[in-house]
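Side-chain atoms are counted along with the backbone in the values below, which use heavy atoms only and exclude waters and symmetry mates. Just so you know, ligand 1 is whichever comes first in the structure, and atom 1 is the first atom listed for that ligand.
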Amino acid sequence: MAHLIDGKKLSAQVLQEVASEVKMLRAEHDIVPTLAVVLVGEDPASQVYVRNKVNRAEEAGVCSISHHLDAECTQDVLNKLIDDLNNDPQVHGILVQLPLPSHLNEEEVIAAIHPLKDVDGFHPLNVGALASGRPSLVPCTPQGCMIMLHQVHPDMSGKNAVIVGRSNIVGKPMAALLLQENCTVTIVHSRTKNIESLCRNADIVVAAVGRAKLINADWIRPGATVIDVGINAIDVDGKRKLTGDVDFESVAPIAGAITPVPGGVGPMTIACLLLNTTRAAKRQSDKT
Ligand code: NAP
């Protein structure tokens, strides 16, 4: 049976590190790392994500300020809020919960956030910095995946890594991070041919697809490490249940290590958001 990479346990350790850092910043520099969280509309999943982020922030001593705009708010109103937060010296990180209602332009909003306060790491300047291997605010989910991978592979040099999915928020930044670790990286997606055999050749498989249980034991080389980013709600016996992109029951007996869903990448994403907020606070105050 594969070694279980426990995201709950590992994220608690990361949050502990954040809490110590926050304590030091408060005591020695009178800085309180502060995260502004912007939610537009009433999407139930987004509300849950925002609540979890705010709760974890509180536990780590990071101050969070929530801004809830109604679903019909205009682009101008949202842009004005971002502008105010950019100019507020008390705010170190800005998170706009995605997806936004369809009448709003996400790219415009992402580009409006000051790169130093872009704790999601989605601003084009941070994307470029990551791609060229310079220090930057790194997107939280791939950052969390890397912390998990380091648990089982302190040295990833020369490993074959396959990422299933090429989104801007997971697949592409994940590829940049694995490349920095000297992995040989392949990204596969909906147009890829022979996707199963490409995955079967991998030492590391990162699944970020959004298709419940797509990846089964036939895709995985015995002993490989499998990181499951997917969060899919499925119906089991009339009850709503969260499951990953990996068919855990079939893959766990043959993989070397695997992350569960829930309790895997999800908690790591939130922990890395708070890590980024603390880093942003330090950088903005020249305390790096
Ligand atoms: P996304 O933007 O929808 O991208 C999905 C990617 O998967 C696309 O590149 C798509 O290919 C590819 N794909 C779709 N069907 C495929 C198939 N049958 N075979 C191979 N590739 C296929 O999704 P995302 O935002 O990256 O999120 C992916 C999953 O991770 C979702 O379940 C999401 O909820 C979850 N997620 C979890 C966290 C966390 O904290 N745990 C954070 C972010 C996302 P094309 O590009 O060709 O369309």
Side-chain angles (χ1 to χ4, degrees), residues 5-8 10-11 14-15 37 43-57 95-100 102 106-107 110 119-122 127 130 138-149 161-178 185-202 205-216 218-220 226-234 240-248 258-276:
I5 311 174
D6 186 341
K8 272 193 191 162
L10 204 50
S11 66
V14 175
L15 285 175
V37 181
D43 177 60
S46 292
Q47 286 179 334
V48 172
Y49 290 140
V50 163
R51 202 178 316 129
N52 285 341
K53 287 168 186 174
V54 168
N55 289 345
R56 290 295 92 70
L95 176 137
V96 179
Q97 185 64 44
L98 302 178
L100 292 171
S102 57
E106 280 184 5
E107 275 182 28
I110 289 167
V119 284
D120 259 337
F122 296 161
V127 173
L130 176 62
V138 173
C140 306
T141 300
Q143 195 183 149
C145 293
M146 291 309 289
I147 296 174
M148 297 179 112
L149 279 171
V162 172
I163 303 158
V164 191
R166 56 174 165 177
S167 71
N168 289 337
I169 64 168
V170 189
K172 287 177 193 159
M174 194 68 220
L177 291 170
L178 287 165
V185 181
T186 306
I187 305 184
V188 299
H189 46 79
S190 69
R191 313 292 173 88
T192 302
K193 295 190 171 68
N194 302 322
I195 194 165
E196 291 182 35
S197 66
L198 287 166
C199 286
R200 258 198 311 275
N201 193 34
V205 174
V206 180
V209 195
R211 303 270 183 276
K213 302 187 182 195
L214 174 75
I215 294 163
N216 60 42
D218 294 340
W219 296 46
I220 302 297
V226 180
I227 305 287
D228 190 355
V229 179
I231 301 178
N232 309 287
I234 56 164
R240 205 170 158 272
K241 197 177 164 236
L242 289 185
T243 189
D245 292 337
V246 175
D247 179 17
F248 188 90
I258 190 167
T259 63
V261 177
V265 175
M268 293 302 293
T269 297
I270 301 183
C272 289
L273 170 69
L274 299 172
L275 205 55
N276 275 355

Considering only the protein, which heavy-atom contact is closest to [atom], and what is its distance?
atom                    : answer
atom 48 (O) of ligand 1 : S190 OG, 3.6 Å
atom 44 (C) of ligand 1 : V170 CG2, 4.0 Å
atom 14 (C) of ligand 1 : V209 CG1, 3.5 Å
atom 42 (C) of ligand 1 : T141 OG1, 3.2 Å
atom 46 (O) of ligand 1 : R166 NE, 2.7 Å
atom 18 (N) of ligand 1 : L214 CD2, 4.1 Å

Check: Is a side-chain donor-acceptor pair under 3.5 Å present for D43 with Q97?
Finding: no

Of the backbone atoms (N, CA, C, O) and the side-chain heavy atoms from C-beta on, which set of [X] has a member under 4.0 Å from an atom of ligand 1: side chain, backbone, both, or neither?
X    : result
N232 : side chain
I169 : side chain
T269 : side chain
M268 : neither

At less than 4.0 angstrom from any non-hydrogen atom of [X], what atoms of ligand 1 do you find?
X    : result
G266 : 40 (O), 41 (N)
G210 : 28 (C), 29 (C), 31 (C), 32 (O)
G230 : 29 (C), 30 (O), 32 (O), 35 (C)
V229 : 30 (O), 35 (C), 36 (N), 37 (C), 38 (C), 41 (N)
G165 : 6 (C), 7 (O), 9 (O)

Check: For the atom pair OG1 (T269) and CG (D120), what is the distance rounded to the nearest 0.5 Å?
Finding: 10.0 Å

Check: What's the spacing between L242 CG and R240 CZ if we round to 0.5 Å?
Finding: 6.0 Å

Note to self: Check contact between A208 and ligand 1, using heavy atoms of the residue and a distance below 4.0 angstrom.
What the structure shows: yes

Checklist line | side-chain contact (heavy atoms from CB on, under 4.5 Å) evaluation trace for V261 with F248 | finding: CA-CA 8 Å; V261 177; F248 188 90; over 6 Å; no

Next item on the list: Give the intermediate values and the outcome of side-chain contact (heavy atoms from CB on, under 4.5 Å) for residues L15 and I270.
Entry: CA-CA 9 Å; L15 285 175; I270 301 183; 5.8 Å; no

Notebook entry, point to check: Would you call W219 and V162 a side-chain contact if the rule is heavy atoms closer than 4.5 Å?
Noted result: no

Next item on the list: Ignoring hydrogens, just give me the one of S167, G144, C272 whose non-hydrogen atom is nearest atom 2 (O) of ligand 1.
Entry: S167

Judging by distance only, is a nitrogen or oxygen of [X] under 3.5 angstrom from one on ligand 1?
X    : result
D245 : no
I231 : yes
R191 : no

Item checked: Distance-minimising heavy-atom pair for V205 and C199 -> CG2-O, 3.9 Å

